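The shown structure was predicted, so the numbers you read here are calculated from the model rather than taken from an experiment. Letters A, B, ... are given to chains in the order of the sequence lines, protein chains preceding strands, and every chain is numbered from 1.
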Amino acid sequence: MNEILESLQRCVERGKVNIKSPYPPDMKGQDGTDELARKALEAGIAPQDILSKALIVGMQKVGVRFRNKEIFVPDVLMAAKAMAAAMEHLKPFFKSDELKHKGTIVIGTVLGDLHDIGKKLVSMVIEGSGWEVVDLGTDVSPDKFLKAVDEHPGCVVGLSALLTTTMVNMEATVQHIKSKHPAVKVIIGGAPVTEEFAAKIGADYYSPDPQGAVEFLNTRCTPN
Amino acid sequence: MPEFPTPETFSFSPSFQELAIDRTIVERDLGYRKGPPPEIVRQLIDEILPEVPLRLAIQCGFRILPPDLFSLTESGIECGDVHISTGPIIASQLKKSTTAALFVSTAGPLLEQWSHQLMAEADMMKGYLVDAIGSEVADRASEWLEKRIAERVTPRGWTITNRYCPGYCDWPVTDQQKLFSFFPPDFCGISLTPSSLMIPIKSLSGIIGLGPNVKRGAFQCSICELKDCFRRVDESELAAEQR
Ligand code: B12
């Protein structure tokens, strides 16, 4: 594989943002994702290849290691930051339609619940896998979810909750969305959520971690 | 004369120093038990910790239920006409209690606001670390309170059980509505939403059994069903820390 792409992938994995960043110490003074993404474009590498052969691959490795509990939230945050620095260079190509997201996921924490961080983390990993994320925030009503689905035809929906008492509001949300958009897929997560609960309320998938969501999106929610 | 002056509540505002939270504890909370976190995480924790006391409003408090109105059932406790269904697992830990203390603790709203502000400014890492420290503060404040409760009952030769919280081991989170009914409104600055979410978020509520023959029994983590929780503390770790 191309050397620049290989380095770029490693920088995402290790959370190396730019040459000035002292982190990680063993990569001090080396280019980060910021410089490498620019150099890749200058070298004529297709934006699609930069995205899918370097950035997404790097982030996927991070997602898997997080699921296996080899790394923890701070490591994921660093990788996401490195990913974002590279994405800045790719933004113009998304605008000109030369680059396309794999799809859109509308995500939020359900009504009555204010927990944000788990959902943010899932959003970052999903974004790093090439999907567009529309984050509606916390305490999101079924109506607000429905409105967002109306505005993003063909999207997938992600729901988060951290307490059993707010988890029950997932059911009303799923029903509300599916009554108008029966084909829209809904994926749910959060500490008290289980696979059985997902099945019971008619959600399409449950994942205990961000990577599971990515795998579901990539295999079950893309046209090809 | 009742054994305890009731319905009196006691509340405290311990300082951050009294909770003895240091970098090692925060690192463990983040999941780093087998190896150290990235250096940058350490640096950030060191940067955040001195600022934490400026943004704290720690409050905690308890009420000891009147023993003459208190009774134990198979699946919980009763106090007057209120039945609290802790579920059989926690009920068995409360075995032999003459009465119980209900408690709450909170880190207050300021740390949370700081964390949200950092994240809104796109500093996710620092925001997350502040959030994790807030959780530890709430936790340690209830541990600190547990000692005050013990001090109150030891003069009469009583001991206390471990602390147990609604939302663990079949004890419904919704039972917090009953628990809070024993406290004055806004006790320790904590309010409960209709979905039984405590505001501020960094708050805890629970129960501790009291009596001449109660056993300390299992620590909450060891009876919790979330077996691979990243914050799980096993009892040997706990013992080592208390030594
Ligand atoms: C730290 C913690 C606390 C802290 C603060 C919590 C906070 N959010 O700020 C403190 C100590 C204050 C606390 C208090 C309480 N807690 Co608590 N707490 C936890 C703990 C240990 C970790 C939560 C956390 O920070 N996780 C880190 C984030 C990053 O993870 P996350 O939000 O879960 O998100 C991840 C996944 O769930 C998933 N995910 C999340 N959303 C989505 C969405 C989609 C679409 C997908 C695919 C995936 C996904 O991906 C994320 C990344 O991996 C959990 C147990 C656990 N291991 O989860 C209990 C837990 C959440 N707490 C619980 C309880 C019961 C309480 C209390 C009610 C106890 C009490 N009576 O006092 C209170 C409630 C506080 C309140 N304000 O009302 C229960 C909730 C279950 C229930 N019965 O409702 C849990 C699950 C523990 C348990 N053993 O059952 N808690």
Side-chain angles (χ1 to χ4, degrees), chain A residues 14-17 21-28 65-85 109-121 123-124 135 137-139 161-170 172 190-194 208-209, chain B residues 26-45 109 112 115-116 118-120 122-132 134-135 166-168 170-177 192-202 224-226 228-232:
Chain A
R14 302 284 320 273
K16 175 76 177 168
V17 179
S21 159
Y23 177 79
D26 59 308
M27 294 174 88
K28 217 171 175 172
R65 293 186 68 200
F66 180 65
R67 171 165 65 196
N68 296 342
K69 300 196 166 59
E70 290 162 36
I71 58 171
F72 303 99
V73 177
D75 308 279
V76 179
L77 294 178
M78 259 154 357
K81 197 170 170 190
M83 173 100 190
T109 302
V110 295
L111 190 68
D113 202 321
L114 298 174
H115 291 99
D116 204 19
I117 291 186
K119 177 215 58 184
K120 272 210 172 96
L121 205 70
S123 300
M124 289 172 147
D135 188 344
T138 62
D139 196 16
L162 207 72
L163 286 180
T164 41
T165 43
T166 53
M167 178 175 101
V168 295
N169 295 336
M170 287 179 157
V193 181
T194 60
D209 53 66
Chain B
V26 180
E27 289 176 3
R28 189 193 66 196
D29 287 345
L30 299 173
Y32 302 97
R33 283 142 194 257
K34 297 196 179 120
E39 190 53 37
I40 188 166
V41 173
R42 300 204 137 169
Q43 281 167 11
L44 277 170
I45 298 173
E112 252 162 76
S115 165
H116 288 162
L118 287 164
M119 289 195 212
D123 197 345
M124 270 300 289
M125 174 75 85
K126 201 164 167 188
Y128 174 69
L129 296 177
V130 170
D131 181 90
S135 299
Y168 281 76
D170 300 331
W171 187 2
V173 196
T174 44
D175 257 25
Q176 286 187 104
Q177 305 288 351
L192 197 59
T193 68
S195 51
S196 297
L197 182 69
M198 283 178 278
I199 310 283
I201 295 285
K202 301 301 177 190
C224 177
E225 58 272 25
L226 280 187
D228 59 354
C229 177
F230 71 101
R231 266 181 124 239
R232 194 178 189 85

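Residue B:Leu44 does not touch chain A at all, counting heavy-atom pairs closer than 4.5 Å. For A:Asn169, no part lies under 4.5 angstrom from a heavy atom of chain B. In this structure, the portions of A:Leu114 lying under 4.5 Å from any heavy atom of chain B include both its backbone and its side chain. With a threshold of 4.5 angstrom between heavy atoms, B:Ile201 approaches chain A through side-chain atoms but not through N, CA, C or O. Both the backbone and the side chain of A:Pro74 come within contact range of chain B, with heavy atoms under 4.5 Å apart.
For B:Gln43, there are no side-chain hydrogen bond (donor to acceptor under 3.5 Å, both in side chains) partners at least two apart in sequence or on another chain. Residues passing the side chain to side chain contact (heavy atoms under 4.5 Å, CB included) test with A:Val17 are A:Lys81, A:Ala82, A:Ala85, sequence neighbours excluded.
Atoms NZ and CZ, on A:Lys69 and B:Arg33 in that order, are 11.5 Å from each other to the nearest 0.5 Å. Here the CD1 atom belonging to A:Ile117 is positioned 8.0 Å from the OG atom belonging to B:Ser135, to the nearest 0.5 angstrom. Expressed to the nearest 0.5 Å, how far CD of B:Glu27 lies from CZ of A:Phe72 amounts to 11.5 Å. To the nearest 0.5 Å, atoms NZ (B:Lys34) and CD (A:Glu70) are separated by 10.0 Å. With values rounded to the nearest 0.5 angstrom, B:Met125 atom CE is found 5.5 Å from A:Leu77 atom CG.
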Apply side-chain contact (heavy atoms from CB on, under 4.5 Å) to residues B:Tyr32 and A:Asp75 and explain how you reach the verdict. CA-CA 11 Å; B:Tyr32 302 97; A:Asp75 308 279; 2.5 Å; yes
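Contact tally against chain B (heavy-atom pairs below 4.5 Å) for A:Thr166, A:Leu163, A:Val73: the top residue is A:Val73.
The backbone N or O of B:Ser195 lies less than 3.5 Å from a partner atom in the side chain of A:Thr165, making a donor-acceptor pair.
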